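Input: a single structure, listed below in structure tokens.
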Number of protein chains: 2
Amino acid sequence: MPRKRLTREESREQTRLRLLDAAAVVIAKKGLPATSVEDIAEHAGYTRGAFYSNFKSKSDLFIELLKNDHQSIQLDLQQLLDADLSDEDLQRQLTQFYSQCYRDHTSYVLWAEARLHAVRDAKFRQRLNVLCLEKRDVIAYFITEFCKRMKRPLPAPAPDLALAMMALIDGTLYFNITMPNEMTDASVESALGTIFAATFFGSRG
Amino acid sequence: MPRKRLTREESREQTRLRLLDAAAVVIAKKGLPATSVEDIAEHAGYTRGAFYSNFKSKSDLFIELLKNDHQSIQLDLQQLLDADLSDEDLQRQLTQFYSQCYRDHTSYVLWAEARLHAVRDAKFRQRLNVLCLEKRDVIAYFITEFCKRMKRPLPAPAPDLALAMMALIDGTLYFNITMPNEMTDASVESALGTIFAATFFGSRG
DNA sequence: GCATTCAGATACAAATATGTATTAGAGTTC
DNA sequence: GAACTCTAATACATATTTGTATCTGAATGC
């Protein structure tokens with residue numbers, strides 16, 4: 001198998017990506033603080049030299065990792081909300097979206113790590129909040145439009161509701177991950193569905 | 001100032017408690033994995049010798065810490081729910097309870113650490129789930145009774161709703177902690193109040 | 001008050017982390 | 001293809017952490 005000869009830039013980019021991928025796996029597995037730079041480099045098939053030549057620090061790499069994940073989530077979500085679906089389809093799609101988006105738990109754990117890290121590191125917190133608020137805004141806009149379409153008043157300020165929904169979904173998925181027998185997939189759907197419907201329809205739909 | 005002469009048992013118990021208190025502070029500040037046994041001992045005014053003579057491991061101490069916190073929360077909550085308050089008072093008290101219970105952030109952070117640790121450590125997860133489910137049961141029972149009193153059907157299985165509410169509250173408080181300007185105390189009250197009311201009253205109360 | 005016992009300090013050995021400084025080797029330029 | 005340049009490996013010096021093994025001094029019991 002003839003291995004393609006890479007240009008310097010290509011090669012560097014490949015290294016970067018491999019380091020990022022490796023970091024996601026290792027950090028999800030061991031946790032951000034317990035993950036050494038060497039762990040990441042080694043798992044990617046390099047040495048620490050490669051790491052320090054591509055990133056300033058572990059924190060630096062981590063925020064980039066989150067940004068990438070965030071962007072792909074935002075894209076998926078935006079796409080879903082923009083598609084002109086019937087209410088029924090939309091609800092089904094949204095439910096599916098949220099039960100899939102953390103399917104392998106990696107992404108969930110990374111964001112949980114991030115939240116915890118943010119509590120302690122003000123600079124990191126600011127950068128993370130930017131991402132969270134972007135997500136909030138997409139959801140808030142959707143909530144607003146949805147209520148408009150349903151000809152119902154907003155039951156509370158949309159941005160507040162959006163953050164609350166993010167909280168609700170994330171926390172519920174946590175229970176789904178750590179006690180799948182107590183919070184089954186069906187329970188997630190039922191609980192979230194009930195609360196969504198009650199909040200935005202005013203009664204069970 | 002005549003310092004009381006302590007018996008061996010008293011002295012040992014004091015050491016234990018001091019280590020636990022110190023651990024809460026340091027772990028909340030630096031995070032569980034980043035906190036060394038030495039950090040804890042030193043902050044309590046001892047050396048590692050004292051630590052290892054009182055606890056098997058950091059994980060061991062940590063679960064004890066959580067148990068203590070859990071017990072005091074359970075007690076407060078139980079007391080609140082058992083008191084025969086008017087619906088209005090109860091709602092006010094509950095709101096206050098939840099905005100106070102993480103007042104200094106320490107407790108919140110410890111539970112966040114615990115959740116993350118639980119994702120990775122199966123043994124720890126089991127022990128933590130016991131605590132979570134105890135809390136869930138108290139809340140589920142309350143939800144059931146409340147709906148009965150209101151003569152309303154349960155909108156979904158009470159245990160599922162209880163976990164969802166725990167998720168909602170915790171996550172919302174997280175935003176309140178990390179972006180207090182975006183999720184103000186007033187926002188917390190408004191968002192939680194709206195969702196509670198919608199879910200359990202079927203309309204805004 | 002002397003011998004005993006136990007809480008906690010001290011000493012030690014092994015492992016792991018970090019960041020930088022230097023080096024080797026492959027890509028680039030002409 | 002020779003000089004150059006950058007990526008990533010290697011070497012190094014320093015700092016932490018861990019658990020255990022041993023020691024000391026203060027409570028206990030006779």
Side-chain angles (χ1 to χ4, degrees), chain A residues 1-23 25-65 113 117 120-121 123-124, chain B residues 1-23 25-65 113 117 120-121 123-124:
Chain A
M1 188 205 284
R3 193 157 307 186
K4 189 187 169 224
R5 201 157 176 77
L6 301 174
T7 69
R8 236 175 226 180
E9 201 183 354
E10 285 172 329
S11 165
R12 187 175 168 72
E13 189 56 24
Q14 189 181 60
T15 303
R16 243 188 118 71
L17 288 178
R18 282 182 182 163
L19 285 170
L20 282 165
D21 286 347
V25 173
V26 181
I27 291 173
K29 185 174 175 190
K30 304 181 46 169
L32 182 66
T35 298
S36 70
V37 168
E38 178 133 30
D39 285 333
I40 297 171
E42 192 183 14
H43 192 275
Y46 297 91
T47 62
R48 265 176 308 141
F51 181 97
Y52 283 113
S53 139
N54 278 284
F55 300 95
K56 266 214 307 284
S57 65
K58 201 167 63 171
S59 191
D60 201 58
L61 171 146
F62 188 48
I63 198 74
E64 184 165 331
L65 198 54
E113 287 286 345
H117 191 51
R120 302 189 176 101
D121 183 329
K123 198 160 283 177
F124 183 85
Chain B
M1 190 205 285
R3 193 158 307 185
K4 183 179 173 236
R5 203 157 175 78
L6 300 175
T7 70
R8 237 174 225 181
E9 201 183 353
E10 286 172 328
S11 164
R12 188 175 167 73
E13 190 56 25
Q14 188 182 62
T15 303
R16 243 188 119 70
L17 289 178
R18 281 182 182 162
L19 284 169
L20 282 165
D21 286 348
V25 173
V26 181
I27 291 173
K29 184 174 176 190
K30 302 180 50 169
L32 183 66
T35 298
S36 70
V37 168
E38 178 132 30
D39 286 333
I40 297 172
E42 192 184 17
H43 192 274
Y46 298 91
T47 63
R48 265 177 310 140
F51 181 96
Y52 283 114
S53 140
N54 277 283
F55 300 95
K56 269 214 306 286
S57 64
K58 200 168 65 173
S59 193
D60 202 58
L61 171 146
F62 188 49
I63 197 76
E64 183 165 331
L65 198 55
E113 288 287 344
H117 191 51
R120 300 189 178 102
D121 182 330
K123 197 158 286 177
F124 183 86

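What's counted below: heavy atoms across the whole structure, side chains too, no hydrogens, waters or symmetry copies. Values in this document were obtained by computation on a predicted structure and should not be read as measured data.
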Anything under 3.5 Å between a protein N or O and an N or O of nucleotides 28-30 of chain C, put it in a table, one pair a line.
unit_1: dT28(C); atom_1: OP1; unit_2: Arg8(A); atom_2: N; d: 2.9

From CG (Asn54(B)) to CG (Leu17(B)), nearest 0.5 Å: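 Atom-to-atom, Asn54(B):CG and Leu17(B):CG are 9.5 Å apart.
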CG on Asp39(B) to CD1 on Ile27(B), rounded to 0.5 Å: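 The distance works out to 9.5 Å.
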Going by heavy atoms closer than 4.0 Å, what residues in residues 13-22 of chain A are next to DNA chain D?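 Thr15(A), in order of number.
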Under 4.0 Å from any atom of DNA chain D, heavy atoms only: list the residues of residues 33-44 of chain B that qualify, in numerical order.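 Correct list: Ser36(B), Val37(B).
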Salt bridge (Lys or Arg N to Asp or Glu O under 4.0 Å) involving Arg120(A) - partner list, sequence neighbours excluded: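 Salt bridge (Lys or Arg N to Asp or Glu O under 4.0 Å) list for Arg120(A), sorted by chain: Glu113(B).
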For nucleotides 9-12 of chain C, give me every protein contact, N/O to N/O, under 3.5 Å, one pair per line with atom names.
unit_1: dA9(C); atom_1: OP2; unit_2: Thr47(B); atom_2: N; d: 3.0
unit_1: dA9(C); atom_1: OP2; unit_2: Thr47(B); atom_2: OG1; d: 2.5
unit_1: dA9(C); atom_1: O5'; unit_2: Thr47(B); atom_2: OG1; d: 3.3

What are the two closest non-hydrogen atoms of Ala23(A) and Leu61(A), and how far apart are they?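 Looking at all heavy atoms of both residues, the shortest contact is CB-CD2, 3.3 Å.
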Heavy-atom closest contact (Ala41(B) atom, Leu19(B) atom, distance):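 Looking at all heavy atoms of both residues, the shortest contact is CA-CD2, 3.9 Å.
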Interface with DNA chain C, restricted to residues 52-62 of chain A and to heavy atoms under 4.0 Å: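 Under 4.0 Å from DNA chain C: Tyr52(A).
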Residue pairs involving residues 13-23 of chain A (criterion salt bridge (charged side-chain N to carboxylate O under 4.0 Å, His left out); sequence neighbours excluded):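 For residues 13-23 of chain A: Arg16(A)-Glu64(A).
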Hey, could you give me each pair passing salt bridge (charged side-chain N to carboxylate O under 4.0 Å, His left out) that has a residue in residues 41-61 of chain A? Not counting sequence neighbours.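 Only Glu38(A)-Arg48(A) qualify under salt bridge (charged side-chain N to carboxylate O under 4.0 Å, His left out).
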Spacing of Leu32(B) atom CG relative to dT18(D) atom C1', expressed in whole Å: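 Those two atoms, CG and C1', are 15 Å apart.
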Determine the interplanar angle of the Phe62(A) and His117(A) rings, folded into 0 to 90°, and report it as parallel if under 30°, tilted if 30 to 60°, perpendicular if over 60°.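 Perpendicular.
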Residues in ring-ring contact (aromatic ring centres under 6.0 Å, His included) with His43(B), at least two apart?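 In terms of ring-ring contact (aromatic ring centres under 6.0 Å, His included), with neighbours along the sequence ignored, His43(B) is linked to no residue.
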Restricting to ring-ring contact (aromatic ring centres under 6.0 Å, His included), what partner residues turn up for Phe55(A), sequence neighbours left out?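 Checked Phe55(A) against ring-ring contact (aromatic ring centres under 6.0 Å, His included); matches are Phe51(A).
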For the helix from dG1(C)-dC30(D) to dC30(C)-dG1(D), how many degrees between its two end axes (five pairs per end), to the nearest 10°?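 Computed from the C1' atoms at both ends, the axes differ by 20°.
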Whether Ser11(A) side chain and Thr7(A) backbone form a donor-acceptor pair below 3.5 Å: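 The answer is no, because no donor-acceptor pair under 3.5 Å joins these two groups.
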Lys29(B): partners by side-chain hydrogen bond (donor to acceptor under 3.5 Å, both in side chains), with sequence neighbours left out: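 None.
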